[in-house]
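Index from 1, following the sequence. No hydrogens, no waters, no symmetry mates; every other heavy atom, side chains included, goes into these values.
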Amino acid sequence: MSWIFLIVAGLLEIGWPVGLKLAQEVETRVVGIGLAVGFMAASGFCLWMAQKHIPIGTAYAVWTGIGAAGTFLVGVMYYGDPSSIARYCGVALIVAGVIVLKLAH
């Protein structure tokens, strides 16, 4: 169950940078900040639950890895962030590191 909490925490981690991106526009500032705070709280709670049975270093690395890779993909797909083979390779290295941490647990 802890790994499920950790995966959910990582997926929720994607939400707060998106909320902050929305907050850049005056029309969606309040909604964006509200989303960011809500996603931060939910992600933090799930991370806290996951750390009951997963070592802190592993949990934090997996959490941030999912968040970083997911936020990168959202940025490329929805916000026109730059994409290149090198950037995708960087994300693949993050994902590979997360997999190694899971397998070594």
Side-chain angles (χ1 to χ4, degrees):
M1 193 68 185
S2 291
W3 282 99
I4 292 171
F5 275 115
L6 186 55
I7 291 167
V8 170
L11 293 173
L12 290 169
E13 182 72 358
I14 299 166
W16 72 265
V18 172
L20 292 179
K21 182 70 172 173
L22 290 171
Q24 298 300 315
E25 301 296 325
V26 175
E27 304 83 32
T28 55
R29 182 154 297 147
V30 173
V31 171
I33 291 171
L35 284 172
V37 170
F39 276 105
M40 282 182 201
S43 179
F45 173 78
C46 288
L47 178 62
W48 174 71
M49 292 295 290
Q51 287 178 343
K52 290 182 178 183
H53 297 103
I54 300 172
I56 186 172
T58 301
Y60 182 74
V62 171
W63 178 62
T64 57
I66 294 170
T71 303
F72 167 77
L73 292 174
V74 168
V76 168
M77 292 189 312
Y78 297 104
Y79 293 101
D81 287 358
S83 83
S84 67
I85 296 298
R87 289 174 58 90
Y88 282 103
C89 286
V91 171
L93 289 170
I94 292 169
V95 172
V98 167
I99 291 169
V100 169
L101 283 170
K102 166 63 174 117
L103 294 175
H105 175 72

What donor-acceptor contacts under 3.5 angstrom involve side-chain atoms of residues 14-36, with partners at least two apart or in another chain?
| from | atom 1 | to | atom 2 | distance (Å) |
| --- | --- | --- | --- | --- |
| Trp16 | NE1 | Glu13 | OE1 | 3.2 |
| Trp16 | NE1 | Glu13 | OE2 | 3.0 |
| Gln24 | NE2 | Leu20 | O | 3.4 |
| Thr28 | OG1 | Leu22 | O | 2.5 |
| Arg29 | NE | Ala23 | O | 2.9 |
| Arg29 | NH2 | Gln24 | O | 3.4 |

Would you say Leu73 ends up clustered with Leu11 if hydrophobic residues are merged whenever their side chains have heavy atoms under 4.5 Å apart, either directly or through other cluster members?
no
Restricting to non-hydrogen atoms, name the atom on Ala68 and the atom on Ile94 that form the minimum distance, rounded to 0.1 Å.
CB-CD1, 4.4 Å
With Val8, which residues qualify under side-chain contact (heavy atoms from CB on, under 4.5 Å), at least two apart?
Ile4, Leu12, Cys46
State which residues pass side-chain contact (heavy atoms from CB on, under 4.5 Å) with Ala69; sequence neighbours excluded, sorted by chain then number.
Val91, Val95
With sequence neighbours left out, which residue pairs that include part of residues 77-91 fulfil the side chain to side chain donor-acceptor pair (under 3.5 Å) condition?
none
Partners meeting ring pair (Phe, Tyr, Trp, His ring centres under 6.0 Å) with Phe5 (sequence neighbours left out)
none
According to a hydrophobic-cluster definition based on side-chain heavy atoms being under 4.5 Å apart (Ile, Leu, Val, Met, Phe, Trp, Tyr only), do Phe45 and Val37 belong together?
no
Flag yes if more than 12 heavy atoms outside Leu103 fall under 6.0 Å of its CG atom; otherwise flag no.
yes
Cluster overlap Met1 with Trp3, hydrophobic side-chain contacts below 4.5 Å:
yes
Quick one: side chain to side chain donor-acceptor pair (under 3.5 Å) pairs with a partner in residues 44-60, sequence neighbours left out?
Ser2-His53
Distance in Å, Ile66 CD1 paired with Thr71 OG1, rounded so as to fall on 0.5 Å steps:
11.0 Å
Has Thr64 got a side-chain atom pairing as donor or acceptor with Ala61's backbone, closer than 3.5 angstrom?
yes
Nearest atoms (heavy-atom pairs only) where Val98 meets Gly65
CG2-CA, 4.0 Å
Can Phe72 be reached from Phe39 by stepping across I, L, V, M, F, W or Y side chains whose heavy atoms are under 4.5 Å apart?
no
